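Structure record follows, encoded as C-alpha cells.
Note that this is a predicted model, so its numbers are computed, not measured. Values below: every heavy atom of this structure, side chains too, minus hydrogens, waters and symmetry copies. Chain identifiers are assigned alphabetically (A, B, ...) following the order of the sequence lines, protein sequences preceding nucleic acid strands; residue numbering begins at 1 within each chain.
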Amino acid sequence: MAVRASRPDIKSQLKEAIAQALETLGLSEWPEIVVQETPVGKEGDYGTPIAMALARSLRQAPPQIAAELLHNIQLPPWVRRTFVVGGYLNFELEPAFLVEAATQPLPPFPAQKGKVLLEHTSVNPNKELHVGHLRNICLGDSLARILRFVGHPVEVMNYIDDTGRQAAESLFALGYFGLDAPPPGVKYDHWVGQAYVRLHQAMDDPEKKATIEQGVQEILHRLEEGRLRDEVDKILRAQLQTMYRLGAEYDLLVWESDIVREGLLQQALKALARSPLVFRPREGKYAGALVMDTSPFIPGLEDPYLVLLRSNGTSTYTAKDIALQFWKMGLLKGLCFRPYDTQPSGAPLYSTHPEGQPMPFGGADETINVVDARQSHALRVVQASLEVEGRPDLAQRCFHLAYETVLLEGRQMSGRKGIVVSVDEVMDEAVRRVRAVMAEKNPDHPNPKEAAEQIGVGAVRFAMLKTEAKKQIDFRYEQALSLEGDTGPYVQYAYARAGSILRKAEEQGLFQEQADFAQATPFELALAKVILRFPEAVQDAARNKAPHILAQYLLELAAAWNSFYNAKTPEGRPATPVLTAPLGLRGLRLELVRALRQTLKQGLSLLGLQAPEVM
RNA sequence: GCGCUCGUAGCUCAGUGGAUAGAGCAAAGGUUUCCUAAACCUUAGGUCGCAGGUUCGAGUCCUGCCGGGCGCGCCA
C-alpha cells in the first residue's frame, strides 16, 4: 500500500491565513484568532468571529471588517468559497478535500518535555474495592493514557498505606476472630473486608472496644516496623486483580512503611524545620507538637496550624504525605525498588522494597494526584509545604484532580458499616447482563465470553468517565450498567458495526478499491467533520485533565456514524450503503469507515475500554 | 462562621466569551424484503436558581443573594 500523506491541520491553516490577512490590513496585534465549525444549518464549514472582536479597536462595523479580510485573505486551494455572514467570516471547503483529510492518518503528537507523576487508586490495603474507588481508578488510568498519547512522559504511581489504621484493623480482626484462610471461592480481599466490618460491629460494645483498641495499636507498631508486610501483600495482590480487570495498570507501588524506614519522613521534617514557619509551641493547644504555620499560603483559615509530629512523637498522615510529595518532585531521594508483578499487558510493575535497588522513579516536573474532593484542604496543605520549603515553583506544578464522591442508589457509602457495593460485584453483574442480552440478540456470537467481559467492564468504566469529575454522581445499577443510549456499549457497538462492514468487504475482495473523493456526498462530509475533531478532543481532555471531554466526543462520533449508517433516501431506501455503492464512491466509503473505526478504537483505548470486533 | 464546589428539559447530564442552548432516559409515533434495530428518524418538553454588573456579544467571566454537597481534628 502506498504511503499516505498525513492529515492536514485545517483550523491551524485557516488561522494562519487569517493572521496574514490581518497583517495585510496593517495590523500588528490582534486578539486570539478563533476558528470554529459553523452551527448545523448555517452556510459554510468553518468560520471566525474575529471581525467582531476587532470592531471596537478599529472603529468599524464587523461586517465591514470581515469584508476587508475577505478581500485580502490568501486561502489554500481547498477553500471553495469565503463569505461574510453577519459579523462572521465563513469558509466553505471542498467536500472532497475534507473527506479525504478525515481518511488520512493522524500524525503523532510531538513529544513533550517534563515527566508527569500521576498518582491514583491508593486504596487502603484492608478490604475489597468498592464503587467509590471506581471513579478514582477510571479517572486516573484514563488521564494517564490521554497524557501519554499527546506526548507526555507519564509515571503512574499507586500509594500503599500499609501503616494506616485501616490496614491494622483488618489484620487485627483476622486474629481476633481466629480466621485462618478464606473459604473456597471467596476472594481474599473480600474475606478480609468482612472481618473488618465485623470488627466495627464488635466495637459497638464498649468492653470489647478497649481490648480491640489495644490490639490494633500493637498491630500498628508491627506494621510500622514492616513486620507484617506479607500479610498486607496478600490483600494488595487480591485488590490488584480487580484493578487489572478494570484495565488499570501502574508503573510503581510506593509503600508508606518504606518512606518511613528509608528516612524520607525524617529528611522532610528536617528540611521543613529550617523554616521559621515550622516550630514547637511551648504552650497552648499545640504544646509539645511540631507544627507548620500555613497562613502565608492559605489565607482565611481560622486555625492555620498543621501538626506534623504529635506531642507523643508520632507523625501525622499529612507529614508522610509531604515527604512523599517531596520525593515525587525530586527534593528527596532514597527509595529502592524491585519488580513486583507482570501486569496483564506484559508491562512490569515495580514496588518499593527494603531489599530493592535505586531506580529512576520520581523526580517529576509535575504531579497529578487523583483524590476525592473531600481531601482538597489536605492536599492544599501539602502544596503549601512546598512553599514553606521555599519552592513556590514546585507548588505551582502539583495538581489535585479532585472528583466528587459517588453515592450508591442515592445514599452515602460507608466502608465501616458495609454499605457498599464492591467493584468485583459490579463487574460480574454487568457481564451477566451483557451475556443475557447477547444470548438474545446474537446467539451465534463467535466469542461470547470475551466480548461480554469487554462490554460489561466497558459499560462500568464509561459510566464513571462520562460526567465531569467535580460533579457528584449517583451510582445506580440500571443506569451504570445500561447498554443503550449514552453508554460505553453504544460506542463499542458503533465500532463493531464498522468492523463488520470491513470484514465483508475483505471477503468480497473490495479492500483495495480506489477511493474517488470527488464523489463525496453531504453524508460523508458530515461524518468526516466529526472524525476530524478527534485530535482536538484529545488535546482538550489532556489540557483540562478531564477524560469526560473525550467520552463526550466519542458519543458524538458514534452517533454521527450511526446516523450515516441509517441514512435513508426520501423514498425510504438506504442512502449510504458501503458494499453496494458505485465504484469509487464505494472505495471512498470504505476508507471513511476504516478511519472511523480506527478513531473509535483509539478513543476507546484512551478511556481504557476494549473494542470488541463482534457484538 | 470561614473556605471550596454544584444549580441547564420531568430525571441523568453535555455545552475551551461567539451564530437558533444540545444529548440520553422517561412519554407519543414511525423505520428491518437493506452492510448487526445494543441502532436510526419524528413529535413534545427550557424565565440556563434569582438579581445586578463587565462585554459588540454571557449558560459560560465578576459581585450579591437563595438552595444542595463537601471541608475547616495532636483521624486517616
Side-chain angles (χ1 to χ4, degrees), chain A residues 34 36 38-42 47-49 52-56 61-62 85-88 90 124 161 164-166 285-291 298-303 305-312 314 316-318 320-321 372-378 380 402 404-405 407 412 434 437-438 440-442 455 466-468 470-474 476 478-479 482-487 489-490 492-494 496-505 536 540 543-544 546 548-549 551-552 555-556 558-559 561-568 572-574 576-581 589 593 614-615:
Chain A
V34 173
Q36 54 199 163
T38 53
V40 280
K42 285 279 173 192
T48 179
M52 290 184 273
L54 289 166
R56 177 183 272 260
V85 182
Y88 291 91
N90 282 5
N124 278 310
D161 184 5
R165 182 170 179 96
Q166 309 221 38
K285 188 176 164 190
Y286 296 111
L290 182 70
V291 301
I298 312 179
L301 285 181
E302 203 174 302
D303 180 354
Y305 294 125
L306 174 94
V307 174
L308 296 167
L309 285 177
R310 303 187 185 97
S311 45
N312 69 8
T314 58
T316 58
Y317 179 87
T318 314
K320 292 173 193 165
D321 243 21
D372 80 80
R374 288 176 300 190
Q375 299 190 50
S376 293
H377 179 68
R380 185 73 190 81
E404 274 298 334
T405 46
L407 299 178
Q412 199 64 244
V434 172
V437 172
M438 265 168 61
E440 186 194 320
K441 291 184 191 273
N442 195 353
I455 298 162
K466 72 175 174 190
T467 304
E468 205 183 353
K470 61 185 173 186
K471 290 220 163 107
Q472 187 170 70
I473 54 177
D474 185 6
R476 292 187 210 160
E478 281 312 318
Q479 239 168 271
S482 168
L483 310 178
E484 290 164 25
D486 283 347
T487 66
Y490 175 84
Q492 290 172 320
Y493 182 69
R497 235 181 187 182
S500 170
I501 292 175
L502 294 174
R503 270 193 307 279
K504 287 205 162 72
E536 221 176 300
D540 272 2
R543 189 174 46 247
N544 297 303
H548 84 277
I549 292 174
Q552 294 292 337
L555 288 171
E556 266 185 72
W561 162 234
N562 279 326
S563 276
F564 175 89
Y565 185 95
N566 280 300
K568 299 280 193 299
R573 308 287 302 168
T576 54
V578 176
L579 300 176
T580 58
R589 285 180 178 160
V593 173
V614 181
M615 281 178 71

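Nucleic acid contact for A/D161: sugar-phosphate only, since backbone atoms but no base atoms lie under 4.0 Å from a heavy atom of the residue. Residue-level contact check: A/T48 touches neither bases nor backbone, having no heavy atom under 4.0 Å from any strand. Backbone-only contact: A/Q479 has heavy atoms under 4.0 Å from sugar-phosphate atoms and none from a base. Among the protein residues, A/E478 comes within range of no part of the nucleic acid, since none of its heavy atoms lies under 4.0 Å from any strand. The residue A/A496 sits close to a base: some heavy atom pair falls under 4.0 Å. Across all strands, A/D540 comes closer than 4.0 Å to no nucleic acid atom at all (heavy-atom distances). Nucleic acid contact class of A/V614 (heavy atoms, under 4.0 Å, all strands): base. Contact annotation for A/S500: base contact, defined as any heavy-atom pair under 4.0 Å involving a base atom. Using a 4.0 Å heavy-atom distance criterion, A/S311 is classed as a base contact. The residue A/Y490 sits close only to the backbone: its heavy atoms come under 4.0 Å of sugar-phosphate atoms, none of a base. Looking at heavy-atom distances under 4.0 Å, A/K470 makes contact with sugar-phosphate atoms alone, never a base. Among the protein residues, A/A581 comes within range of no part of the nucleic acid, since none of its heavy atoms lies under 4.0 Å from any strand. At a threshold of 4.0 angstrom between heavy atoms, the contacts of A/A53 include nucleobase atoms, whether or not backbone atoms are also involved. The residue A/N90 sits close to a base: some heavy atom pair falls under 4.0 Å.
Separation of the C1' atoms belonging to B/U43 and B/G52 is 39 Å when rounded to the nearest angstrom. Comparing the P positions of B/U60 and B/U5 gives a spacing of 16 Å, expressed to the nearest Å. Look at the C1' atom in both B/C25 and B/A19: the space between them is 30 Å, to the nearest Å. Using P as the reference atom, B/G15 and B/C6 are 12 Å apart when rounded to the nearest Å. As rounded to the nearest Å, B/A14 and B/C2 have P atoms that lie 30 Å from one another. Distance noted for atom P between B/C4 and B/G45: 40 Å (whole Å). Rounded to whole Å, the separation between the C1' atoms of B/G68 and B/G73 comes to 25 Å. If you take atom C1' in B/U8 and the same atom in B/G49, they sit 10 Å apart, rounded to whole Å.
Counting only Watson-Crick and G-U wobble pairs whose two distances sit under 3.5 Å, RNA chain B takes part in these stems of three or more pairs: B:1-7 with B:66-72, B:10-13 with B:22-25, B:27-31 with B:39-43, B:49-53 with B:61-65.
A/K471 contributes atom NZ, which lies 11.5 Å from atom CD of A/E404 (distance to the nearest 0.5 angstrom). The distance from the CG atom of A/L555 to the CG atom of A/D486 is 5.0 Å, given to the nearest 0.5 Å.
With A/M615 as the partner, the side-chain contact (heavy atoms from CB on, under 4.5 Å) test is satisfied by one option alone out of A/V437, A/N442, A/I455, A/L483: A/I455.
Taking for each of A/T405 and A/G164 the nucleotide of RNA chain B with the nearest heavy atom, the 5'-most of the two is the partner of A/T405. Summary of the strand contacts: A/T318 and A/K471 both lie near RNA chain B, and taking for each the nucleotide with the nearest heavy atom, the more 5' one is attributed to A/K471.
Nucleotides of RNA chain B lying under 4.0 Å from heavy atoms of chain A occupy a range whose first and last members, 5' to 3', are B/G1 to B/A76.
Atom CZ of A/R543 sits in a crowded spot, with more than 12 heavy atoms from other residues, nucleotides or ligands closer than 6.0 Å.
For A/P577, the side chain to side chain contact (heavy atoms under 4.5 Å, CB included) partners are A/T580, A/R589, not counting sequence neighbours. For the ring pair (Phe, Tyr, Trp, His ring centres under 6.0 Å) test, residues two or more places apart in sequence or in another chain that qualify with A/F564 are A/W561. For A/S482, the side chain to side chain contact (heavy atoms under 4.5 Å, CB included) criterion is met by A/E484, A/T487, not counting sequence neighbours. Here A/T38 pairs with A/K42, A/N90 under the side chain to side chain contact (heavy atoms under 4.5 Å, CB included) rule; sequence neighbours left out.
Side-chain atoms of A/R497 and A/N562 include a donor-acceptor pair closer than 3.5 Å.
B/U20 takes the anti form, because its glycosidic angle lies more than 90° either side of 0.
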Practice prompt. Under the side-chain contact (heavy atoms from CB on, under 4.5 Å) rule, what do A/L308 and A/T318 come out as? Steps first, then yes or no, please.
Written response: CA-CA 7 Å; A/L308 296 167; A/T318 314; 5.8 Å; no

Worksheet entry | Test log, rule salt bridge (charged side-chain N to carboxylate O under 4.0 Å, His left out), inputs A/K285 and A/D303 | CA-CA 11 Å; A/K285 188 176 164 190; A/D303 180 354; 3.2 Å; yes

